[in-house]
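We count ligands from 1, going down the list as the structure has it; atoms in each ligand are counted the same way. One-based numbering along the sequence shown.
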Amino acid sequence: MDIKNLIDKAIEAKQYSYSPYSKFRVGAALLTLEDEIITGSNIENASYGLTICAERVAIFKAYSEGKRKFKAIAISSDDANFCSPCGACRQIIWELCGDIDVILIDGNKNTKTFKASEFLPFPFGDENLKGVKK
Ligand code: THU
């Protein structure tokens with residue numbers, strides 16, 4: 001799979017952002033192990049806290065369609081700086097996608113690639129729940 005294609009899809013996904021409050025459009029494109037791409041954009045709400053980031057929209061879309069294995073996620077905004085995933089998205093990427101590549105794309109189409117684990121050192125995960133007596 002061509003990573004350039006994944007990057008283009010993340011940029012295209014911004015067009016469906018519903019962000020009337022922040023005016024900060026974000027697009028995400030998630031690459032499955034089978035080289036399928038699932039996109040997402042940020043969806044805001046007048047009750048601000050209900051907003052869902054582009055990354056989580058893409059990941060939840062994929063999970064809800066039965067996809068479970070991923071290679072990479074690309075994240076794009078119009079900003080001159082890279083749009084780094086928020087804390088909630090870092091936790092979701094880590095648990096639901098594992099240590100995938102996270103490709104950030106700035107408003108000038110520059111890219112920078114990280115591993116998901118770089119964004120979430122010493123994570124809390126399912127392993128932590130195993131020692132709990134029920
Ligand atoms: N946002 C994302 O969609 N992804 C990120 O990684 C950071 C922030 C959205 C949430 C909100 O709609 C807007 O960007 C401004 O915070």
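Geometrically, ligand 1 and Thr51 share no nitrogen or oxygen pair separated by less than 3.5 Å. Residue Ile75 has no N or O atom closer than 3.5 Å to an N or O atom of ligand 1.
Interface atoms of ligand 1 facing Cys86, defined by a heavy-atom separation under 4.0 Å, are 6 (O). Close approach of ligand 1 to Asn42 (heavy-atom distance below 4.0 Å) involves ligand atoms 3 (O), 9 (C), 11 (C), 12 (O), 13 (C), 14 (O). Atoms of ligand 1 found under 4.0 Å from any heavy atom of Ser22 (numbered from 1 in listed order, with element): 13 (C), 15 (C). Counting atoms of ligand 1 from 1 in the listed order, those under 4.0 Å from a heavy atom of Cys83 are 5 (C), 6 (O), 7 (C).
Around atom NZ of Lys109, no more than 12 heavy atoms belonging to other residues, nucleotides or ligands sit under 6.0 Å away. Residue Phe82 qualifies as enclosed at atom CZ: its count of foreign heavy atoms under 6.0 Å is above 12.
Remark: Ser22 engages Glu44 in a side chain to side chain donor-acceptor pair (under 3.5 Å) (not counting sequence neighbours).
Selection from Tyr18, Phe24, Tyr48 by nearest heavy atom to atom 14 (O) of ligand 1 gives Phe24. Here atom 5 (C) of ligand 1 lies nearest to Glu55 when heavy atoms of Lys14, Glu55, Lys23 are compared.
Side chains of Asn42 and Ser17: a donor-acceptor N/O pair is present below 3.5 angstrom, by distance only. No donor-acceptor contact under 3.5 angstrom links the side chains of Thr32 and Arg68, judged on distance only. Defined by atom type and a distance below 3.5 Å, a donor-acceptor pair is missing between the side-chain atoms of Asp101 and Thr113.
Under a 4.0 Å N-O distance rule, the pair Lys71/Asp35 qualifies as a salt bridge. Salt bridge status for Lys115 with Glu118: absent, with no side-chain N to carboxylate O gap under 4.0 Å.
Close to ligand 1: Ser84, with a non-hydrogen atom less than 4.0 angstrom away. Within the 4.0 Å heavy-atom shell around ligand 1 one finds Pro85.
The shortest contact between atom 12 (O) of ligand 1 and any protein heavy atom is with Glu44 OE2, 2.5 Å. With respect to atom 3 (O) of ligand 1, the closest heavy atom belonging to the protein is Ala54 N, 2.9 Å. Shortest contact from atom 8 (C) of ligand 1 to any protein heavy atom: Cys53 SG, 4.1 Å.
Protein heavy atoms all stay at least 4.0 Å away from atom 16 (O) of ligand 1.
Using a 4.5 Å cut-off on side-chain heavy atoms (C-beta onward), Thr39 and Lys61 make contact.
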